[in-house]
Amino acid sequence: QVQLVESGGGLVQAGGSLRLSCAASGLTFSMHNMGWFRQAPGKEREFVAAISRSGGSTNYADSVKGRFTISRDNAKNTMYLQMNSLSPQDTAVYYCAARANIYDSGTFSRNRDYDYWGQGTRVTVSS
């Protein structure tokens with residue numbers, strides 16, 4: 001049974017930083033392309049960042065480029081999202097996701113590209 005568990009969310013002031021983690025189990029982590037998404041109140045879930053199986057390729061939404069960094073540690077079965085220069089517009093529930101297909105490698109930015117999802121961790125940025 002695949003489980004993705006996010007942690008690291010919380011309340012932070014504008015300009016601050018947070019580091020989210022996604023701990024994976026029930027799958028061979030190093031074989032799965034991964035991603036981060038977020039859903040703000042009243043909005044659809046949107047792409048934030050993605051990382052390939054090896055970590056050699058990354059992709060970011062324009063809204064977070066230069067402020068967020070996605071990474072992974074395959075030895076620890078964990079993915080991270082370092083978020084800097086946070087603004088109130090970054091307030092959302094953040095989800096990690098894993099792509100089931102293990103026969104490709106790359107970065108994927110659509111919700112439908114992913115098959116496994118975590119329960120989310122809430123990030124609130126105050127002004």
Side-chain angles (χ1 to χ4, degrees):
Q1 180 182 355
V2 175
Q3 279 195 314
L4 302 175
V5 180
E6 302 95 336
S7 62
L11 174 65
V12 63
Q13 288 188 331
S17 299
L18 281 175
R19 188 195 196 201
L20 305 184
S21 299
C22 172
S25 61
L27 75 172
T28 304
F29 183 71
S30 61
M31 298 184 72
H32 293 268
N33 301 297
M34 303 288 293
W36 286 100
F37 289 75
R38 67 186 181 185
Q39 187 167 21
K43 295 187 177 181
E44 294 186 350
R45 188 163 56 190
E46 66 175 5
F47 170 72
V48 174
I51 189 166
S52 62
R53 295 183 299 184
S54 68
S57 296
T58 58
N59 186 28
Y60 297 91
D62 288 343
S63 59
V64 307
K65 206 170 289 185
R67 300 186 299 123
F68 291 11
T69 303
I70 188 172
S71 62
R72 65 191 295 163
D73 185 338
N74 286 345
K76 295 183 178 179
N77 290 352
T78 303
M79 178 177 66
Y80 305 97
L81 185 68
Q82 178 66 44
M83 306 186 296
N84 298 329
S85 302
L86 285 162
S87 73
Q89 287 69 38
D90 296 314
T91 294
V93 177
Y94 284 72
Y95 299 91
C96 70
R99 182 171 164 81
N101 187 335
I102 61 171
Y103 298 106
D104 59 14
S105 182
T107 57
F108 301 86
S109 60
R110 300 174 301 182
N111 281 272
R112 63 185 180 185
D113 290 328
Y114 294 88
D115 305 279
Y116 307 116
W117 294 85
Q119 83 289 346
T121 186
R122 186 173 301 275
V123 172
T124 303
V125 184
S126 63
S127 57

What's the shortest heavy-atom distance between [X] and [Y], and which atoms?
| X | Y | result |
| --- | --- | --- |
| Ser17 | Asn84 | OG-OD1, 2.9 Å |
| Pro88 | Ala14 | CD-CB, 4.2 Å |
| Asn59 | Ser109 | ND2-CB, 4.4 Å |
| Met34 | Ala98 | SD-CB, 3.4 Å |
| Ser21 | Thr78 | CB-CG2, 4.2 Å |

Report the residue from [options] that forms a side-chain contact (heavy atoms from CB on, under 4.5 Å) with [X].
| X | options | result |
| --- | --- | --- |
| Thr91 | Val12, Val125, Val123 | Val125 |
| Thr124 | Val93, Asp90, Leu11 | Leu11 |
| Met83 | Val64, Thr69, Leu18, Val48 | Leu18 |

Suppose we screen for side chain to side chain contact (heavy atoms under 4.5 Å, CB included). Which residues come up paired with [X], at least two apart in sequence or across chains?
| X | result |
| --- | --- |
| Ser105 | Asn33, Ser52, Arg53 |
| Ala92 | Arg38, Ala40, Tyr94 |
| Gln39 | Arg45, Tyr95 |

Are any side-chain N or O atoms of [X] and backbone N or O atoms of [Y], one a donor and one an acceptor, separated by less than 3.5 Å?
| X | Y | result |
| --- | --- | --- |
| Gln119 | Val5 | no |
| Trp117 | Leu4 | no |
| Asp115 | Ala100 | yes |

Lys65, NZ: over 12 other non-hydrogen atoms inside 6.0 angstrom: yes
Inter-residue atom distance Phe47.CZ - Trp36.CH2, 0.5 Å rounding: 13.0 Å
CE (Met79) and NE2 (His32) are apart, to the nearest 0.5 Å, by 12.5 Å
Does the pair Thr121 and Ser7 meet the rule for a side chain to side chain contact (heavy atoms under 4.5 Å, CB included), with working shown? CA-CA 6 Å; Thr121 186; Ser7 62; 5.6 Å; no
Is there a chain of hydrophobic side chains (I, L, V, M, F, W, Y, each step under 4.5 Å between heavy atoms) that links [X] to [Y]?
| X | Y | answer |
| --- | --- | --- |
| Phe29 | Ile70 | yes |
| Ile51 | Tyr116 | yes |
| Leu86 | Leu20 | yes |

Kindly write out the residues that satisfy ring pair (Phe, Tyr, Trp, His ring centres under 6.0 Å) with Tyr114, not counting sequence neighbours, or none if the list is empty. Phe37
With sequence neighbours excluded, residues passing side chain to side chain donor-acceptor pair (under 3.5 Å) with Arg122: none
So the disulfide bond (SG atoms under 2.5 Å apart) pairs with at least one residue in residues 22-109 (sequence neighbours excluded) are Cys22-Cys96
